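Single-structure report; data block below.
Just so it is clear, the values below take in all heavy atoms, side chains as well, and ignore hydrogens, waters and symmetry mates. Indexing begins at 1, ligand by ligand and atom by atom, following the structure's order. Quantities reported herein were computed from a predicted structural model and do not represent experimental measurements.
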Amino acid sequence: MTASIHIAREVDLSALNTLGLPAIAEHYAEPASISELQAVLDEARSQQWPVVVLGGGSNVIPAPYIEGVVIRYSGADTRLEVEGDSALLHAAAGADWPTLVEATAEAGWWGIENLALIPGSAGAAPVQNIGAYGVEVGELIERVVYVDQADNSVNVLSASECGFGYRDSVFKNALSERAIIVEIVLRVSRHASARLNYADLAQRVAVPATPAAVAAAVSDIRRDKLPDPRQLANAGSFFKNPTVSEAKASALAADHPDMPRYPAADGVKLAAGWLIDRCGLKGVKRGHFGIHERQALVIVHFGDGSAQELSDFANSIAAQVADRFGIQLEQEPRRLGFSD
Ligand code: EPU
């Protein structure tokens, strides 16, 4: 027997995306359990509605009108399964990520403290493999549980099956139209393992470090550089850091000796924020959008703008970077519910 669940019509999503873009969902549901989610999917299949999944809304650009049904999983239970010195941290997809990190770090568990204060839901974390200060969530993930939109089946993927890459996973690729994540399971540990490779971070953490102290330092750095979406609408980094060939990186470095570059598996990773900054764009304002004054990788929305205007603005930034450096930037936030 499946659960019944309320499906609302014509729901305003402008407060459910941190870019604050105007958006209406034709239908909208917030299932709190797997059986409620399956009930929504049954209805979507019988009505032939396209399904669009929304998490914390902190990395998305919604279409002005989203046809079909927008599903935001609201189950948010968390539990720790202690196994000696390590533990499995189970978080339902609707759990708030920054709250989860803070509670885990405060309780003395190491693992996710470098990912403090990243806005969003636990279920969205593996989708783009959130990362900051030398850690990506994929390194901590043991498994991800999802419901398949096609047949309501509940499936479990191991970390290696999740295909994690830089801001990438199977959930953005082969499973993008199918998987609705309902739970993530992370491995955390009592063993001290502070990852302080970032100079900024190392400077702010007293030794011996605790997970709570690292989380607090990461939060401080983020507050310094990144706008709080509750005060100034944004979706964090708007572009991915591009990877270029060794030859390209060396040629650029010859002209720009101060250009940050980091070794990557398939070449050299450059800092998109630096490239945009060097085009003189930090702090620019155009219409209802602008580039943040303290981090050129972040586009901010001052209100009353549209997804189209944002897209035009982002394209103009990418075009200036391409002109100046010959590098094509790739957008990070995902477009939701557009028909193209
Ligand atoms: N830089 C500039 N000007 C700027 C911004 C950056 O010159 O306006 C330079 C910095 O001085 C630094 C380099 O670029 O040398 C890298 O900057 P930063 O350390 O601030 O990190 P990032 O590469 O711009 C990435 C992630 C962030 C994450 C930080 C910290 C991406 C797309 N972004 O930013 O993630 O918090 O590293 O690890 O990988 C997000 O994805 O939304 C996000 C905020």
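- Residue D277 places at least one N or O, backbone or side chain, under 3.5 Å from an N or O of ligand 1.
- Listed by number with element, the atoms of ligand 1 under 4.0 angstrom from any heavy atom of F239 are 32 (C).
- Aromatic ring centroids of H27 and W49 lie under 6.0 Å apart.
- The presence of a protein heavy atom under 4.0 Å from atom 13 (C) of ligand 1 is confirmed.
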| request: Evaluate side-chain contact (heavy atoms from CB on, under 4.5 Å) for T78 paired with E183, printing each intermediate quantity in order. | output: CA-CA 9 Å; T78 62; E183 185 185 68; over 6 Å; no

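- For atom 23 (O) of ligand 1, the nearest non-hydrogen atom of the protein is N241 ND2, 2.8 Å.
- When side chains are defined from C-beta on, V52 does not count as touching F338, because their heavy atoms never get closer than 4.5 Å.
- Expressed to the nearest 0.5 Å, how far CG of L157 lies from CG of N155 amounts to 7.0 Å.
- In this structure the side chain of F239 reaches within 4.5 angstrom of the side chain of I276, judged on heavy atoms.
- Regarding atom 15 (O) of ligand 1, its nearest protein heavy-atom neighbour is P260 CG, 3.4 Å.
- Within a 4.0 Å radius of atom 1 (N) of ligand 1, the protein has at least one heavy atom.
- Under the 4.0 Å distance rule, the nearest protein heavy atom to atom 37 (O) of ligand 1 falls outside the cut-off.
- Centroid-to-centroid, the aromatic rings of F302 and H288 stay 6.0 Å apart or farther.
- Heavy-atom separations between Y262 and ligand 1 include at least one value shorter than 4.0 Å.
- Of the listed residues (E330, E136, E332), just one forms a side-chain hydrogen bond (donor to acceptor under 3.5 Å, both in side chains) with R167, and that residue is E332.
- Protein heavy atom closest to atom 7 (O) of ligand 1, with residue, atom name and distance, is W274 CD1, 3.2 Å.
- The nearest protein atom to atom 41 (O) of ligand 1, hydrogens excluded, is given as R167 NH2, 2.8 Å; this is a heavy-atom distance.
- Closest protein heavy atom to atom 8 (O) of ligand 1: A296 N, 2.8 Å.
- Residue A271 has at least one heavy-atom neighbour below 4.0 Å for each of these atoms of ligand 1: 13 (C), 14 (O), 16 (C).
- Taking a cut-off of under 4.0 Å to the non-hydrogen atoms of L297, the atoms of ligand 1 that pass are 24 (O), 32 (C).
- With hydrogens left out, the protein atom closest to atom 21 (O) of ligand 1 is Q295 NE2, 4.1 Å, a heavy atom.
- Considering G283, A132, S237, G131 only, the shortest heavy-atom separation from atom 44 (C) of ligand 1 involves S237.
- There is no protein heavy atom closer than 4.0 angstrom to atom 10 (C) of ligand 1.
- In this structure, R278 does not count as a contact residue of ligand 1, since none of its heavy atoms falls inside 4.0 Å of the ligand.
- Salt-bridge annotation for D277 and R294: absent, with no side-chain N of the basic residue lying under 4.0 Å from a carboxylate O of the acidic one.
- Using a distance-only test at 3.5 Å, with no hydrogens or angles considered, no donor-acceptor pair links the side chain of S58 to the main chain of T18.
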Could you list the donor-acceptor pairs under 3.5 angstrom formed between side-chain atoms of residues 252-269 and any protein atom two or more places apart in sequence or on another chain?
{"from": "D258", "atom 1": "OD2", "to": "R278", "atom 2": "NH2", "distance (Å)": "2.3"}

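- Considering only non-hydrogen protein atoms, atom 18 (P) of ligand 1 sits nearest to K225 NZ, 3.9 Å.
- A donor-acceptor pair shorter than 3.5 Å cannot be found between the side chains of Q128 and Y166.
- A salt bridge links E113 to R195: at least one charged side-chain nitrogen sits closer than 4.0 Å to a carboxylate oxygen.
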| request: List the steps, then state whether side-chain contact (heavy atoms from CB on, under 4.5 Å) holds for V182 with V144. | output: CA-CA 8 Å; V182 290; V144 173; over 6 Å; no

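- Every atom of ligand 1 with a heavy atom of Y166 under 4.0 Å away is listed here by number and element: 31 (C), 32 (C), 39 (O).
- Heavy-atom proximity to R222, at under 4.0 Å, picks out these atoms of ligand 1: 36 (O), 44 (C).
- In terms of polar-atom proximity, E332 is counted as a contact of ligand 1, with an N or O under 3.5 Å from an N or O of the ligand.
- Near G236, meaning under 4.0 Å from any of its heavy atoms, are these atoms of ligand 1: 42 (O).
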